[in-house]
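These notes are about the structure you will find just below.
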Amino acid sequence: MERPRHQGMAKNTYMRWRLPLVCLLWEVAMIVLFGVFVRFGPEADAHWEEEKQKMNVTSDIENDFYFRYPSFQDVHVMIFVGFGFLMAFLKRYGFGSIGFNFLLAAFGIQWALLMQGWFHSFKNGKILIGVENLINADFCVGSVCIAFGAILGKTSPIQILVMTLFQVTLFSVNEYILLNLLHVKDAGGSMTIHTFGAYFGLTVTRILYRPNLEQSKDKQGSVYHSDLFAMIGTLYLWLYWPSFNSAISEHGDAQHRAAINTYCSLAACVLTTVAFSSMLQKKGKLDMVHIQNATLAGGVAVGTSAEMMLTPYGSLIVGFISGIVSTVGYVYLTPFLESRLHIQDTCGIHNLHAIPGLIGGIVGAITAAAATEDVYGKEGIIKAFDFTGPYQTRTPSVQGGFQAAGIVVSVLMALAGGALVGAILKLPVWGDPAAENCFEDDVYWEVRRTPPRAEPLRRAAGSRPAAG
Amino acid sequence: MERPRHQGMAKNTYMRWRLPLVCLLWEVAMIVLFGVFVRFGPEADAHWEEEKQKMNVTSDIENDFYFRYPSFQDVHVMIFVGFGFLMAFLKRYGFGSIGFNFLLAAFGIQWALLMQGWFHSFKNGKILIGVENLINADFCVGSVCIAFGAILGKTSPIQILVMTLFQVTLFSVNEYILLNLLHVKDAGGSMTIHTFGAYFGLTVTRILYRPNLEQSKDKQGSVYHSDLFAMIGTLYLWLYWPSFNSAISEHGDAQHRAAINTYCSLAACVLTTVAFSSMLQKKGKLDMVHIQNATLAGGVAVGTSAEMMLTPYGSLIVGFISGIVSTVGYVYLTPFLESRLHIQDTCGIHNLHAIPGLIGGIVGAITAAAATEDVYGKEGIIKAFDFTGPYQTRTPSVQGGFQAAGIVVSVLMALAGGALVGAILKLPVWGDPAAENCFEDDVYWEVRRTPPRAEPLRRAAGSRPAAG
Amino acid sequence: MERPRHQGMAKNTYMRWRLPLVCLLWEVAMIVLFGVFVRFGPEADAHWEEEKQKMNVTSDIENDFYFRYPSFQDVHVMIFVGFGFLMAFLKRYGFGSIGFNFLLAAFGIQWALLMQGWFHSFKNGKILIGVENLINADFCVGSVCIAFGAILGKTSPIQILVMTLFQVTLFSVNEYILLNLLHVKDAGGSMTIHTFGAYFGLTVTRILYRPNLEQSKDKQGSVYHSDLFAMIGTLYLWLYWPSFNSAISEHGDAQHRAAINTYCSLAACVLTTVAFSSMLQKKGKLDMVHIQNATLAGGVAVGTSAEMMLTPYGSLIVGFISGIVSTVGYVYLTPFLESRLHIQDTCGIHNLHAIPGLIGGIVGAITAAAATEDVYGKEGIIKAFDFTGPYQTRTPSVQGGFQAAGIVVSVLMALAGGALVGAILKLPVWGDPAAENCFEDDVYWEVRRTPPRAEPLRRAAGSRPAAG
């Protein structure tokens with residue numbers, strides 16, 4: 001039944017036994033591990049009624065569900081609709097963009113619940129989960145979606161699943177180092193999600209370098225309608241980013257502030273993206289690639305500092321800069337990375353996540369280091385940076401140093417992890433497509449292709465189309 | 001003005017007087033009935049200020065609006081965007097899928113507010129409504145959207161409205177029997193919404209069996225772009241299903257738990273759907289029909305039990321099974337139903353709603369029967385199953401029995417109701433399309449058809465398209 | 001580098017220096033003004049911890065963030081996705097519809113935060129912002145999106161930005177007059193947003209009248225897929241309108257009530273739109289233009305009164321009427337306005353926003369005038385109309401008079417402002433397109449045009465397309 005390998009170049013992309021095997025075995029593993037480890041946290045458990053009395057909680061509205069569930073749903077939409085449709089700009093890879101993103105995220109959130117659970121929610125041998133865990137799992141998977149953007153169209157679903165397995169694992173380790181060992185603040189994940197995810201993906205795609213990729217160059221672009229589909233992704237990412245950056249901040253002012261800062265940064269980012277998109281094109285026309293991507297850089301770049309007292313004008317400045325940097329990156333850096341460094345970055349994640357992520361880490365370090373009791377209030381500064389317990393004596397400037405260290409750790413972990421995973425994915429057993437079949441749904445999907453509305457085309461030839 | 005009937009086969013699909021008459025008369029009826037019966041519930045009435053003092057409520061945040069409105073909006077999106085776009089996979093029936101779904105749902109929610117109001121919110125001669133009623137109306141209409149999926153493309157808008165009128169009525173009766181007489185729990189509606197809606201729709205489509213439907217077989221498929229539109233529907237249904245199953249659960253832990261269970265079940269379901277979609281196709285390629293539909297079966301199948309202590313791993317198991325069952329159904333059962341039983345099920349609701357709905361009912365019965373004070377806590381078990389008042393002495397195992405009875409009642413009600421409504425819809429007065437015009441927007445919609453970007457096509461012939 | 005003007009008719013649409021200059025300068029101005037004026041409000045500031053104790057707030061859930069953030073996100077989606085995609089019905093102007101709407105809204109919300117801040121949130125020389133300000137900024141921009149609908153396809157991005165600058169300014173003045181000087185209630189903005197925005201836009205487009213617009217008539221319509229994209233906009237506007245009309249109402253019953261009234265009005269509106277769409281077309285077929293637009297009129301028409309005790313049946317009546325009026329407007333009024341009054345209204349905002357806005361203002365005035373202590377309760381009526389301080393002695397009937405005055409003021413402000421701005425936009429320096437290039441993305445966007453799936457077309461000629 002296996003399709004013959006011919007011409008040396010064609011590859012065996014037959015998935016019939018490999019893909020089902022991976023999906024079923026891994027899902028069974030999830031069930032076993034969930035069975036052993038995962039239980040409801042106190043606020044989702046039926047004992048909550050008694051718990052409330054113990055904790056002296058008088059109203060159900062104090063359940064964390066009501067603080068975070070709306071933000072969770074926004075984040076959830078970003079991961080599945082936002083990333084999925086953003087990547088659907090490719091004219092012939094819409095199924096793969098949306099479908100494989102769906103697959104990797106559905107697997108990834110389960111594995112992330114376990115990995116992050118062991119590190120952060122482990123009590124008496126059980127992982128106790130609640131809505132905050134769901135958000136964190138989505139966050140972790142977000143970093144895989146980012147990396148997926150670099151290898152988009154050039155990998156098999158099995159490779160994507162293998163990458164997800166490893167990346168979620170390494171993400172969780174990196175996150176543990178940053179949040180628990182370095183005691184770094186990174187609520188919107190500039191470092192843990194964006195910097196880590198992007199450099200991870202860029203390293204993987206570097207190792208999977210395909211010298212003959214220009215064979216499928218004609219399929220690597222968009223058509224009019226696929227650009228509109230991609231705008232669905234862009235807009236939902238842009239709109240819900242305030243929820244993303246505030247989703248796991250402390251209750252009250254921190255969530256409120258994170259949303260406002262992100263809103264401001266994103267607004268400014270749109271203006272500078274438009275400005276540079278027009279300025280860097282000879283005819284002065286706008287490029288959908290920039291509008292679809294660089295407008296989001298402002299959200300990435302306040303990921304660390306959004307919950308801090310960055311202030312609205314500080315956010316505007318960050319958004320201003322990141323829109324410029326990201327657009328310039330798309331015009332000059334992406335071609336350079338591809339031709340000189342052999343980094344084939346399908347979606348340009350270097351410009352949307354890597355650099356803005358670094359900016360985000362740096363802005364976070366500076367904002368933390370510059371924190372004063374005057375600005376935050378005495379209790380406010382302790383709450384904002386969690387200067388309690390063993391960190392009681394940490395000062396803002398020291399915190400700034402640790403924040404900076406967090407950037408370095410994230411980059412190093414991403415490079416090392418990406419190299420490892422890239423090497424694994426290079427093994428010739430995963431069913432990746434031949435160079436001339438990249439960016440083509442036909443390889444892994446049943447594509448029903450009928451001439452688009454053939455009959456109307458004929459009719460229209462004889463009758464003038466009416467205007468609306 | 002009436003178009004002549006010719007050739008015996010062509011049908012009178014002229015809607016100009018019939019459709020407006022139905023819409024206007026029925027809407028006037030709604031106004032009159034709302035005028036007589038519907039008033040704001042205490043939490044939406046301007047007397048709330050005084051009510052609060054009486055009820056000793058200290059904060060406006062205790063208003064049910066803040067517990068349920070975010071979930072309501074998610075459910076609202078599912079009904080109108082989710083179902084509408086999911087059905088827009090048909091290459092030439094996008095207007096009808098989205099537009100008729102819009103129409104039936106807009107009428108249905110009004111009639112459902114009345115029907116469910118008489119049964120559940122009737123006090124001193126008035127129906128008092130609040131946000132929970134809006135959610136329940138959306139739920140009720142969801143069951144009509146499901147049934148609509150079976151007859152999609154083969155019916156006139158009047159038939160659809162007539163079906164909505166009857167189905168909402170019968171839904172409310174069935175719901176009353178289950179929730180009030182049998183005292184069954186079914187927060188996510190595995191039985192009341194999915195099982196009932198699906199078997200209702202399947203019976204209707206059986207009675208409306210069209211022997212010559214292969215005449216429009218070429219229009220019954222999708223094209224590349226219509227499959228992407230359908231993915232919008234799929235993803236919003238998938239993403240917001242945790243809100244669906246938790247929307248009307250008790251405040252606090254029950255809502256929290258229902259969301260987590262649904263999240264887990266849906267995640268597992270994606271993996272097994274992908275596995276079986278690949279495994280059941282000779283070339284091992286994935287089929288968008290499965291990805292669009294079977295990935296949602298996990299949400300249906302925990303509809304009854306999501307608010308119970310199903311546990312995360314229990315949810316994974318349910319999702320695991322329902323993804324398999326649903327995908328297998330699409331491959332083997334749908335063709336069988338059509339060829340042998342003459343059930344023409346356009347969207348395959350049998351695989352997405354009927355069987356997963358049954359699974360959901362059974363899982364609910366087992367989970368209820370297996371409930372113990374150990375797992376739920378003393379107060380928790382009373383709250384979870386509402387063992388109060390006349391049900392004070394009911395035990396979990398008895399509850400399980402009643403749950404099982406609820407499944408049987410729902411199926412029987414659906415078969416009887418569907419037969420009745422199918423017979424009514426078979427009357428030759430409703431303007432249904434001829435067999436060769438099924439799945440074609442042209443019949444009921446002004447379709448402006450211009451050759452898709454004719455000029456660029458010409459241009460492109462002379463110039464190489466640039467890649468992005 | 002400038003493209004030569006030739007043939008007298010062709011225009012200089014070269015944006016390379018003008019557009020970046022405007023974007024960058026204005027964004028720098030925003031940063032400076034935000035730096036001088038904008039700070040976090042008490043509920044978003046890190047001093048909240050201390051503030052809480054002062055204000056005797058015991059729980060973080062009392063933070064306004066939790067009352068309004070979900071509604072804010074819904075409104076946010078309406079502005080960017082709703083308006084953007086609704087306008088994407090044009091077959092060759094999808095980039096401009098979505099992209100320019102994105103641009104104007106991103107700039108507009110910043111300027112609105114300042115303008116509205118100076119009028120409403122100015123304390124000790126600073127504008128203190130919170131989530132309610134974000135909603136109000138989105139509202140203000142909504143009125144610009146409406147006006148944009150009238151000039152859609154006929155203006156350059158610079159003209160759009162200039163209009164935004166002025167319209168946001170005038171909106172804020174008008175809003176101040178209505179809300180503060182006349183003490184008018186208008187939570188959903190029938191007057192301030194819809195009436196003002198629509199008459200403003202209609203005046204602008206009247207002054208920019210293009211006698212030769214029929215040169216691009218063939219591009220002014222939709223194609224099948226662009227109509228489906230537009231339905232994304234329609235549905236999100238329709239679904240989230242209850243959030244729009246309730247977003248800034250008082251906590252508690254007012255928000256709850258506003259959502260219910262809007263839900264009811266919108267549902268009724270769909271039925272009458274469908275009825276009249278069919279009735280007014282010779283063949284009785286439905287027109288997507290009506291379904292996309294007139295179904296939303298019910299939301300506009302309860303904008304003022306939704307938070308009042310309009311009652312569910314009152315809302316149905318308002319929705320009933322506005323669906324009819326709006327659809328009739330599309331059929332008869334739009335052609336009349338264009339041919340006789342030279343008002344070229346691309347999206348038909350006269351039918352969707354202007355007339356329903358007027359209806360909304362009138363219904364609001366009547367509902368206010370008819371308010372009684374019996375219906376609202378003694379405290380309820382004071383809370384609902386804010387009859388406190390200097391307005392302690394105002395009676396409902398006097399309030400009704402002021403409401404009516406608010407309509408007149410809004411129309412006059414819109415006409416005067418629109419005339420001024422239209423005159424400014426008529427200056428020949430903004431780079432607007434020639435008549436034959438209207439409704440065409442090519443002018444301002446890099447459009448990659450490849451024949452839509454050329455290869456599959458060829459393949460399909462030789463093989464029968466399979467049906468799904």
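Quick note on labels: first sequence line is chain A, next is B, and so on, each numbered from 1.
With a threshold of 4.5 angstrom between heavy atoms, B/Asn101 does not approach chain C through any atom at all. Proximity to chain C (any heavy atom under 4.5 Å) is shown, for B/Glu214, by neither the backbone nor the side chain. Neither the backbone nor the side chain of B/Phe439 has a heavy atom closer than 4.5 Å to any heavy atom of chain C. Of the atoms belonging to C/Cys264, it is side-chain heavy atoms, and not backbone ones, that fall under 4.5 Å from chain B. In this structure, the portion of C/Asp374 lying under 4.5 Å from any heavy atom of chain B is its backbone and not its side chain. Heavy atoms of C/Ile381 lying under 4.5 Å from chain B are absent altogether. For C/Ala384, no part lies near chain B; criterion is any non-hydrogen pair under 4.5 Å. Contacts of C/Phe276 with chain B are made by side-chain atoms alone, with heavy-atom separations under 4.5 Å and no backbone atom involved. For B/Asp60, the parts sitting under 4.5 Å from any heavy atom of chain C are the backbone and the side chain alike. The contact between B/Phe100 and chain C is made entirely by side chain atoms (from C-beta outward), counting heavy-atom distances below 4.5 Å. Neither the backbone nor the side chain of C/Ser315 has a heavy atom closer than 4.5 Å to any heavy atom of chain B. With a 4.5 Å cut-off on non-hydrogen atoms, B/Val28 touches chain C through its backbone and its side chain both.
Taking every heavy atom of both residues into account, B/Pro20 and C/Ala275 meet most closely at CG-O, 3.3 Å. Here the shortest heavy-atom pairing between B/Cys23 and C/Leu271 reads CB-O, 3.5 Å. Smallest separation of non-hydrogen atoms from B/Asp45 and C/Met309: OD2-CE, 3.2 Å. Pairing each heavy atom of B/Val77 with each of C/Leu239, the nearest pair is CA-CD1, 3.8 Å. In this structure, B/Phe65 and C/Ala259 approach most closely via the heavy-atom pair CE1-CB, 3.9 Å. Among all heavy-atom pairs drawn from B/Ile98 and C/Leu228, the shortest one is CD1-CD2, 3.7 Å.
The side-chain heavy atoms of C/Met231 and B/Phe102, taken from C-beta on, include a pair separated by under 4.5 Å. The closest side-chain heavy-atom distance from C/Tyr313 to B/Val36 is not below 4.5 Å. The closest side-chain heavy-atom distance from C/Leu286 to B/Leu19 is below 4.5 Å.
Between B/Tyr66 and C/Phe67, the ring planes are perpendicular. Angles over 60° get that label, and only those under 30° would be called parallel.
Ranked by heavy-atom pairs under 4.5 Å with chain B, the first of C/Leu266, C/Leu280, C/Thr295 is C/Thr295. Each of B/Phe85, B/Phe37, B/Phe229 has some count of heavy-atom pairs under 4.5 Å with chain C, and the biggest count is that of B/Phe229. When each of C/Gln255, C/Lys378, C/Arg257 is scored by its heavy-atom pairs under 4.5 Å with chain B, the top score falls to C/Arg257. Ranking B/Ile61, B/Leu90, B/Ile232 against chain C, the residue ahead of the rest is B/Ile61, based on heavy-atom pairs under 4.5 Å. Of the listed residues (C/Pro312, C/Ser226, C/Cys269), the greatest number of heavy-atom pairs within a distance under 4.5 Å of chain B belongs to C/Pro312. Note: C/Gly284 leads C/Gly284, C/Ala258, C/Gly323 in heavy-atom pairs under 4.5 Å with chain B. Listed options C/Ala268, C/Gly380, C/Pro242 were ranked by heavy-atom pairs under 4.5 angstrom with chain B; first place goes to C/Ala268. Ranked by non-hydrogen atom pairs under 4.5 Å with chain C, the options B/Met288, B/His76, B/Met30 are led by B/His76. When B/Phe80, B/Phe34, B/Phe107, B/Phe40 are compared by the number of non-hydrogen pairs under 4.5 Å with chain C, B/Phe40 comes out ahead. Ranked by heavy-atom pairs shorter than 4.5 Å toward chain C, the options B/Gln73, B/Glu51, B/Glu62, B/Met15 are led by B/Gln73. Most heavy-atom pairs under 4.5 Å with chain C, from the set B/His47, B/Glu49, B/Arg39, B/Glu43: that is B/His47.
With rounding to the nearest 0.5 angstrom, the OH atom of B/Tyr444 is 10.5 Å from the NZ atom of C/Lys285.
C/His251 has its ring centre no less than 6.0 Å from the ring centre of B/Trp48. Taking the ring centroids of C/Tyr224 and B/Phe95, they lie under the 6.0 Å cut-off.
A side-chain N or O of B/Tyr69 and one of C/Ser243 form a donor-acceptor pair less than 3.5 Å apart.
Checking each of B/Val131, B/Ile129, B/Leu113 against C/Tyr263 for a side-chain contact (heavy atoms from CB on, under 4.5 Å) leaves exactly one that passes, namely B/Leu113.
No donor-acceptor pair closer than 3.5 Å links the side chain of B/Glu446 to the backbone N or O of C/Lys283.
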